Amino acid sequence: MAPRDSSKPRHPLSSAAAVLAESVDDAAFATTLAKGLVVLEAFKAGSTLLGNMELSALTGIPRPTVARLTHTLAELGYLRYDAERAKYRVAARALRIAHPLLAGMQFRQMARPMMQELALSVRGTVSIGLLDATSMIYVETARSGDVGPHAPDIGMPIPVVMTAMGRAAAATLPPADADRLERNIGAEDPELWSAFRDKYRAGIAQCKSRGFCTCWGEYMASIHAVAAPLFRASESRQSFSINCGIPAFRLQPGQLEGEIGPRIAALADSIRAIVGQTELAPPRKTKKITSAGK
């Protein structure tokens, strides 16, 4: 079996399980390592304590293999075994993996006071998200007191297609990457893509025409949101956006688009100035028009 051609661009899939399933013919792919990461990814909010049988059912990995993987991960400090319940939970060492990534985003700390000011002003949340496959991952957040049922936290994922934050991040992508993202969303969940495709594309268009886009309770009915593109980092090619979510009952008619949308766009401008990022996305190649082609 020949290894996959690493020179060909590949849009990252949404989970380690998806990559594992796609890489069965890749001789250079470390299957055991991938299975260990699939087990780690099975731990999510609401599923923080899992036994080997539950992990096997969630991942599709045979129980004896899961048992070896959880034992190894516990020995390495990434899982902790609860002897009373005979189950595992994620351990503190897992946080070390995230720290180098977060430490490379120093603009988060500089942006946070401005984010907190806006969050308190509108009595909602203001968060920065990073595009990861077909999800957005919160990397910074500020909130007022009671923000309703959705309280963003660092590391929490939300879907790209259903959210203002996701659409705003997609607006930073060059055409080839934007096309790949659409194909991956459609392949991952055809029904979801069919239901939200038009709103998703309209949100991207709104970002490019107005500097922000709106989402009227599409991800969570009780929360309305606006989001603005931040930038696509030139070296890491990471795409960021910033959103503001507010409980629907707190909004006055026209306030989301007329007031809060322009404010989140202005905040995005201020953060780009801090980073020294003048463009939302890499410049697009345009065809040269000759006199013969006029």
Side-chain angles (χ1 to χ4, degrees), residues 9-19 22 41 44-45 98 101-102 105 108 125-141 150-221 223-233 236-246 256 261 264-265 268 271 280-282:
R10 170 172 157 179
H11 193 81
L13 297 173
S14 60
S15 67
V19 178
E22 191 184 72
E41 286 191 356
K44 299 174 182 177
L101 176 64
L102 293 171
M105 305 174 192
R108 296 180 307 117
T125 64
V126 177
S127 305
I128 293 173
L130 167 64
L131 179 63
D132 176 44
T134 59
S135 296
M136 294 298 298
I137 310 295
Y138 287 109
V139 297
E140 189 59 78
T141 189
H150 182 61
D153 201 2
I154 292 175
M156 180 188 294
I158 58 174
V160 165
V161 69
M162 298 173 69
T163 60
M165 176 182 271
R167 297 162 189 175
T172 71
L173 296 175
D177 287 349
D179 291 343
R180 275 195 294 272
L181 177 55
E182 287 201 358
R183 288 197 299 272
N184 279 0
I185 295 171
E188 188 174 286
D189 194 329
E191 289 186 9
L192 187 70
W193 176 238
S194 178
F196 287 94
R197 176 183 56 222
D198 291 344
K199 290 181 179 179
Y200 171 81
R201 290 174 175 169
I204 293 173
Q206 190 181 20
C207 283
K208 293 179 179 180
S209 64
R210 302 187 63 183
F212 68 90
C213 63
T214 55
C215 186
W216 303 92
E218 292 157 34
Y219 175 58
M220 187 167 288
I223 303 293
H224 293 174
V226 290
L230 276 177
F231 56 87
R232 179 171 168 84
S236 65
R237 298 180 182 177
Q238 294 173 328
S239 291
F240 297 90
S241 61
I242 186 167
N243 79 345
C244 179
I246 304 172
L256 193 66
I264 201 72
I271 294 172
L280 297 179

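All values below were derived from every heavy atom in this structure, side-chain atoms included, with hydrogens, water molecules and symmetry-related copies excluded. All values reported here derive from a predicted model rather than from experimental measurement.
- With sequence neighbours excluded, the residues satisfying side chain to side chain donor-acceptor pair (under 3.5 Å) with S239 are T172, R232.
- Atoms CG and CD1, on D132 and I137 in that order, are 5.0 Å from each other to the nearest 0.5 Å.
- The shortest distance between side-chain heavy atoms of L130 and M136 does not fall below 4.5 Å.
- Scanning all heavy atoms of the two residues, the minimum distance from C213 to A168 falls at SG-N, 4.2 Å.
- Partners of Y219 under the side chain to side chain donor-acceptor pair (under 3.5 Å) rule, at least two apart in sequence or in another chain, do not exist in this structure.
- When all heavy atoms of T134 and E188 are compared, the closest pair comes out as OG1-OE2, 3.0 Å.
- Between the CD1 atom of I128 and the CG atom of L230 there is a distance of 5.5 Å, given to the nearest 0.5 Å.
- Taking 4.5 Å as the limit, some side-chain heavy atom of I154 sits within range of a side-chain heavy atom of R108.
- Among all heavy-atom pairs drawn from D153 and T141, the shortest one is CA-CG2, 4.4 Å.
- The minimum heavy-atom distance between I204 and A170, with the atom names listed, is CD1-CB, 3.7 Å.
- Across M162 and E218, no two heavy atoms sit closer than the pair CE-O, 3.2 Å.
- Proximity of N243 to Y138: side-chain heavy atoms (C-beta onward) are separated by under 4.5 Å at one or more points.
- Interatomic distance, SG of C215 versus CD of Q206, reported as 10.5 Å (0.5 Å rounding).
- Checking side-chain atoms of S194 against main-chain N and O of P190 turns up no donor-acceptor pair under 3.5 Å.
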Which atom pairs, one a donor and one an acceptor, fall under 3.5 Å between side chains of residues 196-203 and the rest of the protein, sequence neighbours left out?
from: R201; atom 1: NE; to: E182; atom 2: OE1; distance (Å): 3.4
from: R201; atom 1: NE; to: E182; atom 2: OE2; distance (Å): 3.1
from: R201; atom 1: NH2; to: E182; atom 2: OE1; distance (Å): 2.7

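- Nearest heavy atoms, A268 versus A228: CB-CB, 3.9 Å.
- With sequence neighbours left out, the ring pair (Phe, Tyr, Trp, His ring centres under 6.0 Å) criterion links F240 to F107, F231.
- When side chains are defined from C-beta on, I264 counts as touching V126, because their heavy atoms get closer than 4.5 Å.
- With sequence neighbours excluded, the residues that form a side-chain contact (heavy atoms from CB on, under 4.5 Å) with D189 are E191, L192.
- At distances below 3.5 Å, at least one donor-acceptor pair connects side-chain atoms of S241 with backbone N or O atoms of M165.
- By the salt bridge (Lys or Arg N to Asp or Glu O under 4.0 Å) test, R210 pairs with E257, sequence neighbours left out.
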